[in-house]
Amino acid sequence: MMSDPNAERKGWLSLLAKSPAADVARYWEALDLAPDHTVLRSPEIGGVMVRGRAGAVGAAFNLGEMTVTRASVKLSDGTVGHGYVQGRSKDHALQAALVDALMQTDAADTVDRCLLAPLRKTITDQKTTRAAKAAATKVDFFTMVRGED
């Protein structure tokens with residue numbers, strides 16, 4: 001089985017897309033990087049069709065539209081980065097594109113440690129909290145066997 005050579009990149013792009021804009025902005029500012037870059041595609045807002053499957057295996061159907069914002073940048077060394085994020089935040093999309101570009105350079109370790117790792121922790125904590133709330137409402141059903149049969 002072949003592994004996806006872009007799996008790592010897909011991972012950080014997914015994380016940036018799903019993370020709240022305020023969190024990305026806070027960690028970006030704390031990173032204090034100002035990479036020399038050219039904007040290839042100014043942040044623009046649009047919509048995408050979200051598809052779903054019943055039970056994750058059924059026939060695909062159109063669930064509805066979702067607003068997204070995209071941007072593309074090129075660093076001075078020629079590295080290109082793209083950012084697609086949920087919602088209408090142009091700054092979020094531009095920061096995601098810059099992070100994508102930087103993750104393909106020597107700055108990747110610093111960006112991962114100072115920006116992506118805290119975002120991962122936030123998402124993991126949210127999932128754990130949600131799972132704990134769901135587990136608290138779990139009902140176990142059992143069947144009693146009658147001895148008359």
Side-chain angles (χ1 to χ4, degrees), residues 1-35 37 39-75 79-145:
M1 185 169 137
M2 292 181 58
S3 63
D4 185 356
N6 294 317
E8 241 186 317
R9 187 173 185 198
K10 287 178 183 179
W12 74 64
L13 285 171
S14 174
L15 178 64
L16 290 164
K18 294 173 184 173
S19 295
D23 290 351
V24 175
R26 183 175 69 240
Y27 294 124
W28 176 255
E29 288 176 21
L31 198 56
D32 199 28
L33 286 178
H37 67 279
V39 176
L40 297 176
R41 174 182 287 137
S42 295
E44 51 191 18
I45 299 167
V48 295
M49 180 59 67
V50 178
R51 302 209 39 158
R53 293 183 183 274
V57 293
F61 62 94
N62 292 337
L63 187 61
E65 289 189 6
M66 180 176 82
T67 303
V68 295
T69 305
R70 69 180 181 177
S72 296
V73 297
K74 183 177 184 180
L75 299 180
T79 306
V80 175
H82 305 285
Y84 283 79
V85 298
Q86 297 179 31
R88 305 176 63 85
S89 176
K90 292 182 178 184
D91 289 339
H92 187 189
L94 195 55
Q95 289 163 350
L98 285 166
V99 170
D100 179 43
L102 288 169
M103 285 298 292
Q104 299 172 65
T105 67
D106 293 339
D109 289 339
T110 302
V111 173
D112 185 55
R113 185 179 66 254
C114 298
L115 192 143
L116 297 179
L119 290 176
R120 271 189 222 102
K121 182 178 180 336
T122 300
I123 297 278
T124 302
D125 291 349
Q126 288 171 346
K127 285 181 180 179
T128 303
T129 301
R130 190 177 317 127
K133 285 181 181 179
T137 63
K138 181 180 176 184
V139 177
D140 288 321
F141 292 95
F142 60 92
T143 305
M144 292 181 57
V145 178

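Worth saying up front: this structure is predicted, and the values here are computed from it rather than measured.
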Self-check item: Pairs flagged by salt bridge (Lys or Arg N to Asp or Glu O under 4.0 Å) wherever residues 8-18 is involved - sequence neighbours left out
Solution: D4-K10, R9-D100

Quiz item: Should the heavy atoms of other residues, nucleotides or ligands under 6.0 Å from CG of D106 be counted, would the total exceed 12?
Solution: no

Quiz item: Could you give the distance from CD1 (I123) to CG (L116), rounded to the nearest 0.5 Å?
Solution: 11.5 Å

Practice problem: Any side chain to side chain donor-acceptor pair (under 3.5 Å) involving residues 24-33? Give me the pairs, sequence neighbours left out, ordered by first then second residue. | Solution: D23-R26

Quiz item: Distance from L102 atom CG to L75 atom CG, nearest 0.5 Å?
Solution: 5.5 Å

Enumerate, atom names and distances included, each donor-acceptor pair closer than 3.5 Å involving a side-chain atom of residues 82-99, sequence neighbours excluded.
residue : atom : partner : partner atom : Å
H82     : ND1  : S72     : OG           : 2.7
S89     : OG   : H92     : N            : 3.1
H92     : NE2  : L16     : O            : 3.0

Quiz item: Under a 4.5 Å cut-off applied to non-hydrogen side-chain atoms, are R51 and N62 in contact?
Solution: yes

Exercise. Name all pairs fulfilling the salt bridge (Lys or Arg N to Asp or Glu O under 4.0 Å) condition that reach into residues 118-129, sequence neighbours left out, sorted by first residue then second.
Key: D112-R120, K121-D125

Quiz item: If you look only at pairs with a residue in residues 63-72, which of them pass as a salt bridge (Lys or Arg N to Asp or Glu O under 4.0 Å), with sequence neighbours excluded?
Solution: E44-R70

Practice problem: Could I get the full list of side chain to side chain contact (heavy atoms under 4.5 Å, CB included) partners for D109, not counting sequence neighbours? | Solution: none

Practice problem: State, to 0.1 Å, how close L115 and P118 come at their nearest heavy-atom pair, and which atoms those are. | Solution: O-CD, 3.3 Å

Quiz item: Would you say S14's side chain and G11's backbone share a donor-acceptor pair under 3.5 angstrom?
Solution: no

